Amino acid sequence: MRRILLKGGRVIDPATRTDDHVDVLLDGGRVAEWGDDLEGGEGTRTIDVTGAIVAPGLVDMHVHLREPGREDEETIESGSVAAAHGGITAVAAMPNTTPAIDTASWVQFVRSKRTPIAVYPIAAITLAREGKTLTEMAELSDAGAVAFSDDGSPVVNPSVMRRALEYSSMVGRPIISHCEDLELSGRGVMNEGLASTTAGLRPIPAAAEEVAVARDIILARTTGAKLHVAHVSTRGSVELVRRAKEDGLAVTCETCPHYFALTDDDVRSYDTSLRVNPPIRSAADVAAIRIGLADGTIDAIASDHAPHSLEEKQVEFDAAPPGMIGMETLLPLTLTYLVQSGTIALERAIELLSTDPASILGIPHGNLEVGSRADVTVFDPDWAWEVEESWFRSKSKNSPFIGRTLTGRVILTISEGEIVFEEDGAATDDDGEAAEKREHLARELSLHS
Ligand code: DOR
């Protein structure tokens, strides 16, 4: 394994409260040294990262990799390549595959794949995700499951959820809850409001999410278990989690870029990439999500990367399956809609995308301390570029952001000391002119787009 020296970058590492211009040396898959004017020595690849941010590798705690079952949409391998392209060095993969990841051997199957980045399996809460019989949580945890979730569907029966929280706390792993009251969401396909009326699409009220969040917080209180609320999208959910935290409960939550970058007004375009579950909400919900991200109520930003085939998405809005791809645009959307807009600082963005999700899952990622795993993301926070369909490495292309101009682009991803993604011509070998070269490259790319 080669030694890599990153020179001239601005290191932001929330775990050590660092924001400093410092060189970082990686060796043997670990962070070896930080310092001013470091020399790598023979055999070292020295990379000029002047003007760029050097951050701990991003951790996406909510992705759908579709294997086993829908390898036409994504595989563990193709999803990992897409993750690396997005600056992500660890993902937690949801178990709503076919069949579901509900036995130790399926957990081992996910872990057995050779991938450029770390893939952690999340196991199902109930067998076949049917909401009836609990899985063998101790066995699944021993096999390497980092959390439990029936994501894609809620656990409808509160008694089953209560037991799930009890058992998961015995193994010390969080339950990640897909909070949805199916009676309230019904056959809805978009957020309930003026936009759904004008669009003529069946509505899903905010209460469909909030009723379920409230129930699970109550159950977390009675069991003392770790509850993580997935894809929070409404103002009321943010408020419920805020109160749970004030009460000292072990409740955490995540949101996704589409819940702070888009509103239900956008859905009036009928672009089926915008059909997601929970649905994209109102401007008032978006404002509350942004406040929750800034004040610490929301702990993580995850992509909910949900690849779907072209055939399935090229239908009327109602008939399309919910989900959009997201790993590759996770960082640029966060930078564009939260950092550029002044809602949060860069350091907080990195905490939300790396440090905090790693700590919720209890996985050894999310910091750059000397001795830790050499997972690094280098990005240019000012690089403006237009998203093109051909740019994605995911097998699926269902992104509503194609055609948008975003600010911020990953130029280098390093996983356990290996370069797993490098933007052609942007991560230059050391000559002190990296920032100028990137500007030139950015201009060329925009001319060709
Ligand atoms: O939009 C979504 N897509 N929400 C989910 O909960 C599941 C996901 C999927 O698996 O496609």
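Hydrogens, waters and symmetry mates play no part in the numbers below; they use all other heavy atoms, side chains included. Order of appearance sets the numbers: ligands from 1, and atoms from 1 within every ligand. What you are looking at is a predicted structure, and each value in this text was computed from that prediction instead of being measured.
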Note: Asp19-Arg10 ion pair, threshold 4.0 Å (strictly below): yes

Run the salt bridge (charged side-chain N to carboxylate O under 4.0 Å, His left out) test against Arg173 and tell me which residues pass, sequence neighbours left out. none

Counting the benzene-type ring for Trp, do His258 and Tyr337 have ring centres under 6.0 Å apart? no

So which residues, sorted by chain and number, lie with a heavy atom under 4.0 Å of ligand 1? His64, Arg66, Asn96, Asp151, Gly152, His178, His231, Val276, Asn277, Asp304, Ala306, His308, Pro322, Gly323

Given the side-chain rings of His62 and His231, with only the six-membered ring counted for Trp, is the space between their centroids under 6.0 Å? yes

Taking salt bridge (charged side-chain N to carboxylate O under 4.0 Å, His left out) as the cut-off, I'd like each qualifying pair that reaches into residues 217-238, sequence neighbours left out, listed once. Arg221-Asp247

Residues that Ala15 engages under side-chain contact (heavy atoms from CB on, under 4.5 Å), provided they are two or more places apart: Asp13, Thr355, Asn367

